[in-house]
Peer 1: 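Below: one structure in C-alpha cells.
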Amino acid sequence: MITQTHVIGDPIAHSKSPLIHGFWLKKLGLSGEYSSTLVHSDGLAEYLDAGRANRAWIGCNVTMPHKQAIIAHLDALDPTAEKLAAVNTVVKQADGTLKGFNTDGGGFLEPLQSKLAETHLFRMARILGTGGAARAIVAALANHGFTLVLAGRNPEKARAMLDELAPKGEHHAAPLSHFSEATDFAFDDRDQCLDLVINASPLGMHGNPPLQFHWSHAPPGSIAYDIVTSPLETPFLQGARDAGHPTINGFAMLIGQAAIAFEAFFGTAPPREYDGELMEVLNR
C-alpha cells in the first residue's frame with residue numbers, strides 16, 4: 001500500500017513541503033506520496049474525517065490558517081503542541097486516533113545545535129515578531145537558557161507571550177520600532193556568549209515591506225537568523241552580512257521541521273547527507 005500524506009492550508013500552492021518530502025522519499029526508495037491539498041476553514045473536519053477512513057492516509061502537515069483550529073478535531077496533543085496551542089503536524093496513530101505535534105521549535109533549533117552544545121557564560125536572543133512562529137521560537141530558546149528580548153508592534157502582546165511561554169527568566173518586551181534607529185550602546189566583551197538576532201515576522205517576505213533593523217543593536221558575533229523563505233535572500237540577511245555577522249536563512253528551519261515530521265510519518269529519518277542537493281532543488 002502506498003501511504004498518503006499532505007500539507008494542508010489556504011492558500012497552499014506556494015508550499016515547498018512536497019518538494020522536500022518527495023525528495024527524501026525518492027532518495028530512500030519509499031513508496032509514499034506527499035502532496036499539497038487546499039483545505040478551506042469550513043472543510044477541515046471533512047478532510048480529517050476522510051483521512052481517518054482512508055487506510056493509506058498516515059497524516060498531514062498543517063499551515064496557516066489551520067494551526068489552531070485543527071486542535072478541536074484531534075484526539076491528543078504532544079506536550080509542545082499543547083503548550084503552544086498550535087499544531088503543524090498530525091500523525092495517525094496505530095489505533096487510528098489523530099495526534100497533533102508542533103515541530104517548528106525543533107526545526108528552528110536544528111542549525112544551532114553545534115552552538116547549543118557549547119558552554120556559554122550568557123545567551124541572549126533578540127526575537128523580532130510576535131506571531132505563531134515567534135511563539136515556538138520563544139519556547140524553544142527559553143528551554144536552552146536564553147535571555148529573551150521579544151519585540152513587536154504591540155509590546156503588551158510581547159510581554160504576555162513571554163509571561164506565558166517563558167515565565168522563569170528575566171526577559172524583556174520592546175516595541176519593534178526600538179530597533180529601527182541606530183544606537184551608540186557600547187556592548188561589553190561578548191567572548192563566550194551566544195547572541196542571536198531573529199526575524200520571526202513576515203516582514204521581508206514577498207508582498208511585505210522589509211524589516212527595519214539597524215545592526216548597531218546587534219552585539220559583535222551575533223548570528224542573524226531569518227525564517228522568511230520567499231525570497232531566501234532578504235534585506236535583513238544582507239544587512240547582517242554587510243555588518244559582518246554570520247547568517248542562517250529560512251530554508252534551515254523549513255528543512256529542520258520537515259525532517260522531524262518526516263520521521264514521524266514514515267518511521268525513518270530522512271537522508272540528510274543530500275541536504276546540499278535538496279537546497280539546489282528548493283532554489284530552482
Side-chain angles (χ1 to χ4, degrees), residues 67-68 79-86 88 102-113 115-181 183-204 211-228 236 240 245-248 252-253 256-257:
K67 288 187 175 184
Q68 290 79 40
T80 299
E82 186 171 14
K83 180 177 182 179
L84 296 175
N88 75 342
N102 192 302
T103 68
D104 283 337
F108 171 82
L109 291 175
E110 188 188 76
L112 298 169
Q113 288 302 330
K115 290 291 185 182
L116 296 176
E118 300 172 358
T119 299
H120 301 104
L121 297 177
F122 185 68
R123 294 176 172 181
M124 175 171 275
R126 291 156 178 80
I127 304 168
L128 312 170
T130 54
R135 287 180 60 85
I137 291 168
V138 164
L141 291 178
N143 288 337
H144 283 272
F146 279 82
T147 295
L148 306 176
V149 178
L150 181 61
R153 291 190 179 94
N154 183 348
E156 292 182 0
K157 179 181 179 181
R159 182 72 261 169
M161 187 183 298
L162 290 170
D163 291 344
E164 175 192 356
L165 299 174
K168 296 182 180 180
E170 295 185 8
H171 308 301
H172 311 278
L176 194 60
S177 59
H178 169 76
F179 294 102
S180 63
E181 301 294 333
T183 179
D184 58 0
F185 183 82
F187 290 103
D188 56 9
D189 183 1
R190 307 306 286 184
D191 187 40
Q192 297 187 57
C193 294
L194 177 57
D195 289 286
L196 306 176
V197 182
I198 303 149
N199 179 23
S201 79
L203 293 173
L211 172 65
Q212 300 299 323
F213 182 85
H214 198 283
W215 286 95
S216 60
H217 288 275
S222 296
I223 299 170
Y225 195 149
D226 198 336
I227 70 168
V228 168
F236 176 81
H245 296 279
T247 62
I248 299 173
M253 178 175 174
Q257 63 86 14

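Please read these numbers as outputs of a predicted model, since none were measured by experiment.
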Peer 1: Would you please name every residue forming a side chain to side chain contact (heavy atoms under 4.5 Å, CB included) with E181, sequence neighbours left out?
Peer 2: none
Peer 1: Given side chains that start at C-beta, do those of L128 and S201 come closer than 4.5 Å, heavy atoms only?
Peer 2: no
Peer 1: side-chain hydrogen bond (donor to acceptor under 3.5 Å, both in side chains) with T147: which residues, sequence neighbours excluded?
Peer 2: none
Peer 1: Listed by chain and number, what are the side chain to side chain contact (heavy atoms under 4.5 Å, CB included) partners of P220, not counting sequence neighbours?
Peer 2: F187, R190
Peer 1: Report all side-chain donor-acceptor pairs from residues 132-145 shorter than 3.5 Å, counting only partners two or more places apart or in another chain.
Peer 2:
| unit_1 | atom_1 | unit_2 | atom_2 | d |
| --- | --- | --- | --- | --- |
| R135 | NE | L84 | O | 3.3 |
| R135 | NH1 | E164 | OE1 | 3.1 |
| R135 | NH2 | L84 | O | 3.2 |
| R135 | NH2 | E164 | OE2 | 2.9 |
| N143 | ND2 | A139 | O | 3.3 |

Peer 1: Check the pair M253, D104 against side-chain contact (heavy atoms from CB on, under 4.5 Å), reporting the backbone distance first and the verdict last.
Peer 2: CA-CA 7 Å; M253 178 175 174; D104 283 337; 3.9 Å; yes
Peer 1: Evaluate the side-chain proximity of T103 to T80: yes if any heavy-atom separation is below 4.5 Å, no if none is.
Peer 2: no
Peer 1: State, yes or no, whether a side-chain contact exists between L211 and F179 at a heavy-atom distance under 4.5 Å.
Peer 2: no
Peer 1: The criterion is ring pair (Phe, Tyr, Trp, His ring centres under 6.0 Å); which residues satisfy it with H245, sequence neighbours excluded?
Peer 2: W215
Peer 1: Kindly state each residue pair satisfying salt bridge (Lys or Arg N to Asp or Glu O under 4.0 Å) with at least one member in residues 213-226, sequence neighbours excluded.
Peer 2: none
Peer 1: May I ask you to test the I223-L194 pair for a side-chain heavy-atom distance under 4.5 Å?
Peer 2: yes
Peer 1: Please report the closest heavy-atom contact between T183 and S216, naming both atoms and the distance.
Peer 2: N-OG, 2.9 Å
Peer 1: Among pairs that include at least one residue of residues 122-134, which meet side chain to side chain donor-acceptor pair (under 3.5 Å), considering only residues two or more places apart or in two chains?
Peer 2: H120-R123
Peer 1: Could you work out, with side-chain hydrogen bond (donor to acceptor under 3.5 Å, both in side chains) as the rule, every residue matching S222, not counting sequence neighbours?
Peer 2: none
Peer 1: Return the set of residues passing ring pair (Phe, Tyr, Trp, His ring centres under 6.0 Å) with Y225 (not counting sequence neighbours), or none when no residue passes.
Peer 2: F108
Peer 1: Could you list all the salt bridge (Lys or Arg N to Asp or Glu O under 4.0 Å) pairs where at least one residue sits in residues 142-160, not counting sequence neighbours?
Peer 2: R159-D163
Peer 1: Taking C-beta and beyond as the side chain, do L165 and K83 meet within less than 4.5 Å on heavy atoms?
Peer 2: yes
Peer 1: Below 4.5 Å, heavy atoms only, C-beta onward: do V149 and H217 meet side chain to side chain?
Peer 2: no
Peer 1: May I ask you to test the F146-L196 pair for a side-chain heavy-atom distance under 4.5 Å?
Peer 2: yes
Peer 1: Considering non-hydrogen atoms only, spot the tightest contact between A81 and N102 and give its length.
Peer 2: CB-N, 3.8 Å
Peer 1: Give, for atom CD1 of I198 and atom CD1 of I127, the distance between the pair rounded to the nearest 0.5 Å.
Peer 2: 4.5 Å
Peer 1: Could you tabulate the donor-acceptor pairs under 3.5 Å formed by side-chain atoms of residues 166-178, not counting sequence neighbours?
Peer 2:
| unit_1 | atom_1 | unit_2 | atom_2 | d |
| --- | --- | --- | --- | --- |
| H171 | ND1 | L148 | N | 2.9 |
| H172 | NE2 | E170 | O | 3.3 |

